[in-house]
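Every heavy atom of this structure was used, including side-chain atoms; hydrogens, water molecules and symmetry mates were not.
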Amino acid sequence: MKNIVIIGCGQGIGFASAKLLSKNNKVIGVSKTENTEVNELDIDFHQMDILTGNIDEIQFPEVVDGLVYAPGSINLKPFNRLSEDDFKNDFEINVLGAVKIIQKLLPNLKKSGSASIVLFSSVAAKLGMPFHASISASKSAVEGLTKSLAAELSSQKIRVNAIAPSLTDTNLASQLLSTPEKREASGKRHPLQRVGSPEEMAKMVEFLLSENSSWMTGQIIGIDGGMGNTKL
């Protein structure tokens, strides 16, 4: 049984990952969001905003085998309406939060001997998309962080990979999928004609934390309905 830390386990992909991984692992979950569903999971849950909270208050296992950083943002605006604070907020959520928890747990991850870190990018970091300047900038930083840490931590047997989804059916995307018409239009923008599900992302998280991916590091894995590499 592995010790897995999931940041952002309260909803969306983080919740789906916690639900799947808790079946065979000890999961320590941290999220600013608390709900009935997360409380029903067999995990060690801590309600905290990773950006503003004191993570020293959480007693993490001495050995951490897997770390998943799932918080994200969808801040879509024309470039001329994006403020400096928009860019800062997206960068804090997507990059600095990940940096904070990785630095905190690095000693614990080193003790595993086969640890894996999973971060989240976006198809928007690869594919130029209008109104995505802020989120694309921060997710591109996540990809740079993933590759740099993969190189730096490889000698300590810590793997680092990132998943780059397209639009996924989560609370974060609820406004974009709020009507059947919006959902259909969003689906048709993808070669596979639908949006993704949190469960599909969670299965990739499970794979990247497992020994089945033991020779993978520094990879950005697109789960995007074909959007990142094909054209309709």
Would you find a donor on one side and an acceptor on the other, under 3.5 Å apart, between the side chain of E34 and the backbone of S31? no
Can you list the steps and then say if I102 with L67 is a side-chain contact (heavy atoms from CB on, under 4.5 Å)? CA-CA 8 Å; I102 293 170; L67 170 60; 3.7 Å; yes
One thing to verify: whether D169 and R183 come together as a salt bridge, which I'm taking to mean a side-chain N less than 4.0 angstrom from a carboxylate O. yes
Distance-minimising heavy-atom pair for F120 and A70: CD1-CA, 4.0 Å
Can you measure from NE2 (H132) to OG (S122) and round to the nearest 0.5 angstrom? 6.0 Å
Taking atom CZ of F131 and atom CD1 of I74, what is their separation to the nearest 0.5 Å? 15.5 Å
Throw together a table of side-chain donor-acceptor distances under 3.5 angstrom for residues 12-23, partners on residues two or more places apart or in other chains.
from, atom 1, to, atom 2, distance (Å)
S17, OG, I13, O, 2.8
S22, OG, A18, O, 2.9
S22, OG, K19, O, 3.2

Begin from the C-alpha positions of E57 and M48 and carry the test side-chain contact (heavy atoms from CB on, under 4.5 Å) through to its verdict. CA-CA 10 Å; E57 295 177 356; M48 178 182 291; 4.0 Å; yes
Counterpart residues, salt bridge (Lys or Arg N to Asp or Glu O under 4.0 Å), relative to E211 (two or more places apart): K2
Can you list the steps and then say if I163 with V118 is a side-chain contact (heavy atoms from CB on, under 4.5 Å)? CA-CA 7 Å; I163 297 170; V118 180; 4.0 Å; yes
For the pair K139 and E143, find out whether any cationic side-chain nitrogen is under 4.0 Å from an anionic carboxylate oxygen. no
Short side-chain to backbone donor-acceptor contact, T168 and S197, under 3.5 Å: no
I'd like to check N94 versus P71 (side-chain heavy atoms, cut-off strictly below 4.5 Å). Are they in contact? no
Hydrophobic cluster membership, I28 vs V205, 4.5 Å side-chain cutoff: no
Any donor-acceptor N/O pair, S213 side chain to L208 backbone, under 3.5 Å: yes
Can you name the side chain to side chain donor-acceptor pair (under 3.5 Å) partners of Q11, sequence neighbours left out? N171
Minimal heavy-atom distance between S214 and R159, with the atoms involved, is O-CD, 3.5 Å
Using every non-hydrogen atom in the two residues, find where H190 and S186 come nearest and quote the distance to one decimal. ND1-O, 2.9 Å
Over all heavy atoms of both residues, which pair between V95 and S138 is shortest? Give the atoms and the distance, please. CG2-O, 3.4 Å
Got a sec: does the NZ of K188 have more than 12 other heavy atoms crowding it under 6.0 Å? no
With a 4.5 Å cut-off on side-chain heavy atoms, are L105 and V5 touching? yes
Is any NZ, NE, NH1 or NH2 atom of the basic residue among E92 and K88 found under 4.0 Å from an Asp or Glu carboxylate oxygen of the other? no
For residues 144-158, which side-chain N or O atoms pair as donor and acceptor with protein atoms under 3.5 Å away, sequence neighbours left out?
from, atom 1, to, atom 2, distance (Å)
T146, OG1, V142, O, 2.8
S154, OG, A151, O, 3.0

N39 and F45 have their tightest heavy-atom pair at OD1-CD2, 4.1 Å
L109: which of V63, N3, V64 passes side chain to side chain contact (heavy atoms under 4.5 Å, CB included): V64
For a quick check under 3.5 Å, do D86 and S134 share a side-chain donor-acceptor pair by atom type? no
Indicate the atoms forming the closest heavy-atom contact of N75 with K77, along with that distance. OD1-CE, 3.5 Å
Looking at CG of N89 and CG of L82, how far apart are the two atoms once the value is rounded to the nearest 0.5 Å? 11.0 Å
Flag the pair I50 / I55 as yes when at least one side-chain heavy-atom distance between them is below 4.5 Å, and no otherwise. yes
Distance from I4 atom CD1 to N25 atom CG, nearest 0.5 Å? 5.0 Å
Return all side-chain donor-acceptor pairs below 3.5 angstrom for residues 219-226, not counting sequence neighbours, or 'none' if the list is empty.
from, atom 1, to, atom 2, distance (Å)
Q219, NE2, T217, O, 3.2
D224, OD1, G226, N, 2.9
D224, OD1, M227, N, 3.4
D224, OD2, G228, N, 3.1

Would you mind listing every salt bridge (charged side-chain N to carboxylate O under 4.0 Å, His left out) that reaches into residues 98-114, with sequence neighbours excluded? D56-K104, E62-K111
Derivation of the side-chain contact (heavy atoms from CB on, under 4.5 Å) call for V38 and C9: CA-CA 8 Å; V38 77; C9 69; 4.1 Å; yes
